[in-house]
Engineer: 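Have a look at this one.
Note that the coordinates shown come from a computational prediction; the quantities given were computed from them, not determined experimentally. Numbers restart at 1 for each chain; the letters A, B, ... are given by sequence-line order, proteins then strands.
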Number of protein chains: 2
Amino acid sequence: MLPAHEKKRRARDPERTRERLLQAAFREIHRSGFQSASIDAILAATNVTRGALYYHFESKETLGYAVVEEKVAKLTHDRWLRPMRGEGEAIDILIGVVRRIPDSPQDVRAGCPLLLLSQEMSPLDEQFRKRLERIFLDWQEGVATLLRRGKSQGTVRSDLNPNEAARFLIATVEGYATLAKNAQDAKAWKAGIRSIVGWLRSLRPDNYKRG
Amino acid sequence: MLPAHEKKRRARDPERTRERLLQAAFREIHRSGFQSASIDAILAATNVTRGALYYHFESKETLGYAVVEEKVAKLTHDRWLRPMRGEGEAIDILIGVVRRIPDSPQDVRAGCPLLLLSQEMSPLDEQFRKRLERIFLDWQEGVATLLRRGKSQGTVRSDLNPNEAARFLIATVEGYATLAKNAQDAKAWKAGIRSIVGWLRSLRPDNYKRG
DNA sequence: GGTAACATACCAATCGTTAGGTATGTTACA
DNA sequence: TGTAACATACCTAACGATTGGTATGTTACC
């Protein structure tokens, strides 16, 4: 007998259908933005029919909201929040996280979906905006918490304002991501990361030297 | 006799028609992005007809390119390049420029058009991308030139890399603009400006104190 | 058998674009 | 100077394609 995951594909598997739609919608939205994302393109990419899509999602908007909540938020969670909860020195962790952001040409050219959706949708759709804002706030809170821990452990300058520094880090990361996306050049991104790492190092106490 | 500019409006005034189309297109693109910008909306805003629009611009794309070249580039020029050519200490000039970026609720909520178009169009349309990249490069070069001047005058740290610092400034400005746009909150922008100004001050030589 | 999970066919609206015509302005020539 | 010839600057109507959405029908599974 075949292992469970290789069993003959069930004719009906609503969870899988929904997940495939979400994934395809994420890709399409990431490519074209939400407004220009085409339902037809999503259907073509998944071989799901209109009826099935509108069975799982009541409108294009709700599909978009689900993409933000379940796909975009997950990215931030996996790349930032989870690693930041690990052991180690705060600045080291942040440098590691920043360096682990995908830097392949494809990734850099595609850019950050959070950034794209913020620019496009936040003035147009309050429901979108609120969901994106939730992601930014969680991100900021995660960084600030880590910096606070660093301060209490003496590995971060005592005069640093954690919330302010967290915002600064996020702004810089997103700013360089924009420049690199516009340049369509992974080297631009890597140079940005080096600058950010340099700034992160400056958050250590003056008397705190490392190898 | 009436002054020249109040004379009865000429039935045909191609320059004025073109300029009005450009202005309305800029507004519409800034609001909706390029792909979702509606020709109908531009026509309605100007009371210009389809035929007139397609007389002045051969397609929606060329209209978009003209908006980037003649409207978006002008913004960067007026707000950054021109002030940066003035007299004075480099860091003071940069702080002044940054503080003079419009910070009304409407401006912050609308966001930076350069940012929006980069996010939306740079992976999709090389012609767009090149024109946007030109703006970013001019911007960067302007800041770098000013910082170089500051170094030679001893008002900027001698160990500073002008191009790197220029990129850092631009990335930070655009990053905070994104955060503020997503928050739809002018206070977020003003706080960002304060952080940027703080960073700019740190570019002065250690022994260089000011009032 | 009942209903959850689809599939199909179609709708009205909107998209950017163009064809075809008109009105106004300019220029060349008698 | 008058006007024929032409060019510029529009206007109107309609195009075919695509948009998101829905109503109705069918099928697989508990």
Side-chain angles (χ1 to χ4, degrees), chain A residues 4 7-68 117 120-121 124-125 127-128, chain B residues 4 7-68 117 120-121 124-125 127-128:
Chain A
K7 271 182 188 162
K8 180 175 187 310
R9 186 161 294 158
R10 287 149 44 102
R12 299 199 163 176
D13 191 339
E15 282 184 27
R16 198 180 106 90
T17 300
R18 201 191 110 100
E19 180 56 31
R20 287 177 53 224
L21 284 170
L22 268 180
Q23 182 62 33
F26 173 69
R27 269 195 232 266
E28 169 71 3
I29 290 172
H30 193 188
R31 173 186 314 271
S32 309
F34 174 75
Q35 296 178 101
S36 298
S38 160
I39 300 277
D40 279 342
I42 295 169
L43 298 178
T46 50
N47 286 319
V48 167
T49 59
R50 296 188 97 69
L53 188 148
Y54 279 94
Y55 174 77
H56 287 284
F57 301 95
E58 69 180 30
S59 69
K60 187 188 178 186
E61 274 72 30
T62 60
L63 173 59
Y65 302 155
V67 165
V68 173
L117 284 172
E120 184 191 7
M121 297 306 295
L124 299 180
D125 185 316
Q127 301 248 61
F128 254 108
Chain B
K7 272 182 189 162
K8 183 179 187 305
R9 188 162 293 157
R10 284 151 47 99
R12 317 174 91 195
D13 191 339
E15 284 183 26
R16 197 180 107 92
T17 300
R18 202 190 109 99
E19 180 56 31
R20 290 203 309 140
L21 284 170
L22 224 42
Q23 181 62 33
F26 172 70
R27 269 194 231 265
E28 170 69 5
I29 290 172
H30 193 188
R31 174 187 311 274
S32 309
F34 174 75
Q35 298 179 98
S36 299
S38 160
I39 301 274
D40 279 343
I42 296 169
L43 299 178
T46 51
N47 285 319
V48 168
T49 59
R50 302 186 99 67
L53 187 148
Y54 278 93
Y55 174 79
H56 288 283
F57 302 95
E58 70 181 29
S59 67
K60 187 188 179 186
E61 274 73 30
T62 60
L63 173 59
Y65 302 155
V67 165
V68 173
L117 283 171
E120 183 190 9
M121 297 307 295
L124 298 180
D125 185 316
Q127 301 246 61
F128 254 110

Engineer: What integer distance in Å separates B:L53:CG from C:dT18:C1'?
Structural biologist: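 So the CG-C1' distance, B:L53 to C:dT18, works out to 13 Å.
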
Engineer: Applying side-chain hydrogen bond (donor to acceptor under 3.5 Å, both in side chains), name anything that partners B:E28, two or more places apart in sequence or on another chain.
Structural biologist: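 B:E28 satisfies side-chain hydrogen bond (donor to acceptor under 3.5 Å, both in side chains) with no residue once adjacent residues are dropped.
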
Engineer: Looking at B:I29 and B:G64, what are the two nearest heavy atoms and their distance?
Structural biologist: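 Where B:I29 meets B:G64 most closely, the heavy atoms are CD1-CA, 4.2 Å.
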
Engineer: Looking at A:Y65, I'd like to know if the NZ or CZ of A:K60 sits under 6.0 Å from its six-membered ring centre while staying within 45 degrees of the ring's axis.
Structural biologist: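 No.
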
Engineer: Looking only at side-chain N and O atoms, does A:H56 come under 4.0 Å of OP1 or OP2 in C:dA4?
Structural biologist: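 No, outside the criterion.
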
Engineer: Quickly work out the A:R16 CZ to C:dC6 C1' distance and round it to whole Å.
Structural biologist: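 In whole Å, C:dC6 C1' and A:R16 CZ are 14 Å from each other.
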
Engineer: For the side chain of B:T46 and the backbone of B:L43, is there at least one donor-acceptor N/O pair under 3.5 Å apart?
Structural biologist: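 Yes; judged by distance alone, with no hydrogens or angles, the pair exists.
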
Engineer: What is the distance, to the nearest angstrom, from the CG atom on A:L21 to the C1' atom on C:dA5?
Structural biologist: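 Rounded to whole Å, this separation is 12 Å.
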
Engineer: Does CZ belonging to A:R20 count more than 12 external heavy atoms closer than 6.0 Å?
Structural biologist: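 Yes, CZ of A:R20 has more than 12 neighbouring heavy atoms, counting only those of other groups under 6.0 Å.
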
Engineer: Summarise how protein sits on nucleotides 18-30 of chain D as a single string, 5' to 3': B when a protein heavy atom is under 4.0 Å from the base, S for sugar-phosphate-only contact, - for no contact.
Structural biologist: -SBBB----BBS-

Engineer: Suppose the criterion is salt bridge (Lys or Arg N to Asp or Glu O under 4.0 Å): which pairs have a residue in residues 36-48 of chain A, not counting sequence neighbours?
Structural biologist: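 Counting only pairs at least two positions apart or across chains, the salt bridge (Lys or Arg N to Asp or Glu O under 4.0 Å) contacts touching residues 36-48 of chain A are A:D40-A:R50.
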
Engineer: Starting at atom OH of A:Y55, determine the distance to atom C1' of C:dT8, rounded to an integer number of angstrom.
Structural biologist: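 Distance, rounded to whole Å: 18 Å.
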
Engineer: Nearest-Å distance, CG (B:L43) to P (D:dA9)?
Structural biologist: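 Going from CG in B:L43 over to P in D:dA9 covers 18 Å.
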
Engineer: May I have the distance from B:D13 (atom CG) to D:dT8 (atom P), rounded to whole angstrom?
Structural biologist: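 To the nearest whole Å, that distance equals 17 Å.
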
